[in-house]
Amino acid sequence: MSGKDPIDYTLEIRDLGANGHEVVVFVVNEGEDWLIVRRADVVVTKDGQPFGRHAVAFINPDPSGGRRLGQFEIAEGHFHLARDMDHRQLDFTVDIDYRYGDHNQTQRLERRVETKRITR
C-alpha cells in the first residue's frame, strides 16, 4: 500500500511462452473516497536498452478514459509484449497516475524477467 492512501497495487508479469509476456496491473480502492485511475504506462527495457513507453489498457474503461473506482472495486489493466529471443533480460516499470480524494499521485511498480534465450 502507498503512504496514506488506502490503495493496493499488484503487478504481474506472465510468461506466455511463444506468445511473449503479458503485463497485468491490478489497482484496488480499499478506502471510502473515490479513486480515479487516470492512466498507467509501462516502460520496457531490454538488456538495459530502452524499448519505449506504452499505455496499459484497462478493462471496462470510463468514457473519459481511465477508471473510476468506489470502495473495494478493482481496476485491471493489460499490456502485451511479443516474444523476444534476442534479449536476455526484460525490465518492466509501470507508472500508475491516479487521483484519490483531493490530490494526484503516481505509483511506480517494477519487475525484472530473465528470458529463456539460449546464449551460444
Side-chain angles (χ1 to χ4, degrees):
M1 256 189 232
S2 82
K4 58 188 169 196
D5 293 338
I7 303 166
D8 187 38
Y9 312 92
T10 304
L11 172 60
E12 294 179 10
I13 308 298
R14 297 178 181 165
D15 185 346
L16 305 176
N19 293 321
H21 289 86
E22 181 179 29
V23 175
V24 184
V25 178
F26 298 97
V27 181
V28 181
N29 181 7
E30 296 179 348
E32 295 179 9
D33 285 338
W34 284 101
L35 168 67
I36 300 169
V37 179
R38 294 190 312 212
R39 64 179 293 142
D41 294 318
V42 59
V43 175
V44 179
T45 305
K46 297 181 177 187
D47 291 336
Q49 298 298 314
F51 189 67
R53 177 178 289 271
H54 312 276
V56 173
F58 282 97
I59 294 174
N60 299 322
D62 293 334
S64 62
R67 197 72 166 72
R68 183 179 167 123
L69 304 174
Q71 188 174 25
F72 303 119
E73 289 187 317
I74 300 171
E76 179 180 340
H78 294 260
F79 170 75
H80 180 260
L81 181 66
R83 183 177 183 192
D84 184 337
M85 296 304 289
D86 295 329
H87 298 89
R88 179 83 177 128
Q89 183 174 297
L90 304 174
D91 293 297
F92 300 93
T93 302
V94 175
D95 291 324
I96 304 167
D97 293 333
Y98 68 92
R99 181 177 181 85
Y100 184 78
D102 60 356
H103 61 281
N104 297 317
Q105 294 271 64
T106 299
Q107 177 67 33
R108 177 168 280 176
L109 307 170
E110 299 175 313
R111 294 285 182 277
R112 174 171 287 165
V113 173
E114 297 289 326
T115 65
K116 295 178 179 152
R117 179 184 78 151
I118 299 172
T119 55
R120 296 179 191 174

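Along the sequence shown, residues carry numbers from 1.
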Could you go step by step and tell me if Tyr98 and Val27 meet the side chain to side chain contact (heavy atoms under 4.5 Å, CB included) rule? CA-CA 10 Å; Tyr98 68 92; Val27 181; over 6 Å; no
Say you draw a straight line from NZ of Lys46 to OG1 of Thr115; how long is it, rounded to the nearest 0.5 Å? 10.0 Å
Return the CD1 to CD distance between Ile7 and Gln107, rounded to the nearest 0.5 Å. 8.5 Å
Interatomic distance, NE2@His87 vs OG1@Thr45, rounded to 0.5 Å, equals 10.5 Å
Do Arg38 and Asn104 have side chains that get closer than 4.5 Å, going by heavy atoms? yes
Group every Ile, Leu, Val, Met, Phe, Trp and Tyr by side-chain heavy-atom contacts under 4.5 Å, then state whether Val43 and Leu11 land in the same group. no
Taking side-chain hydrogen bond (donor to acceptor under 3.5 Å, both in side chains) as the cut-off, I'd like each qualifying pair that reaches into residues 67-77, sequence neighbours left out, listed once. Glu76-His78
When you measure from the side chain of Asp47 to the backbone of Gln89, do you find a donor-acceptor pair of N or O atoms at a distance under 3.5 Å? yes
Show, in sequence, the C-alpha distance, side-chain angles and deciding distance for His80 and Leu16, and conclude whether the side chain to side chain contact (heavy atoms under 4.5 Å, CB included) test is met. CA-CA 10 Å; His80 180 260; Leu16 305 176; 3.6 Å; yes
Apply ring-ring contact (aromatic ring centres under 6.0 Å, His included) to His54 and list each qualifying residue two or more places apart in sequence or on a separate chain. Phe79
Among residues at least two apart in sequence or on other chains, which ones pass side chain to side chain contact (heavy atoms under 4.5 Å, CB included) with Phe92? Ile13, His21, Val23, Val42, Val44, Leu81, Leu90, Val113
Strictly distance-based, threshold 3.5 Å: is any side-chain N or O of Asp33 a donor or acceptor partner for the main-chain N or O of Tyr100? no
What pairs of residues pass the salt bridge (Lys or Arg N to Asp or Glu O under 4.0 Å) test when at least one of them lies in residues 89-106, not counting sequence neighbours? Arg53-Asp95, Asp91-Arg112, Asp95-Arg108
Fellow cluster residues of Phe26, listed by chain then number, with links counted only when side-chain atoms sit under 4.5 Å apart: Val24, Val28, Ile74
If two hydrophobic side chains count as joined below 4.5 Å and joins carry through other members, does Tyr9 share a cluster with Ile36? no
Through direct or indirect side-chain contacts below 4.5 angstrom among Ile, Leu, Val, Met, Phe, Trp and Tyr, which residues connect to Ile59? none
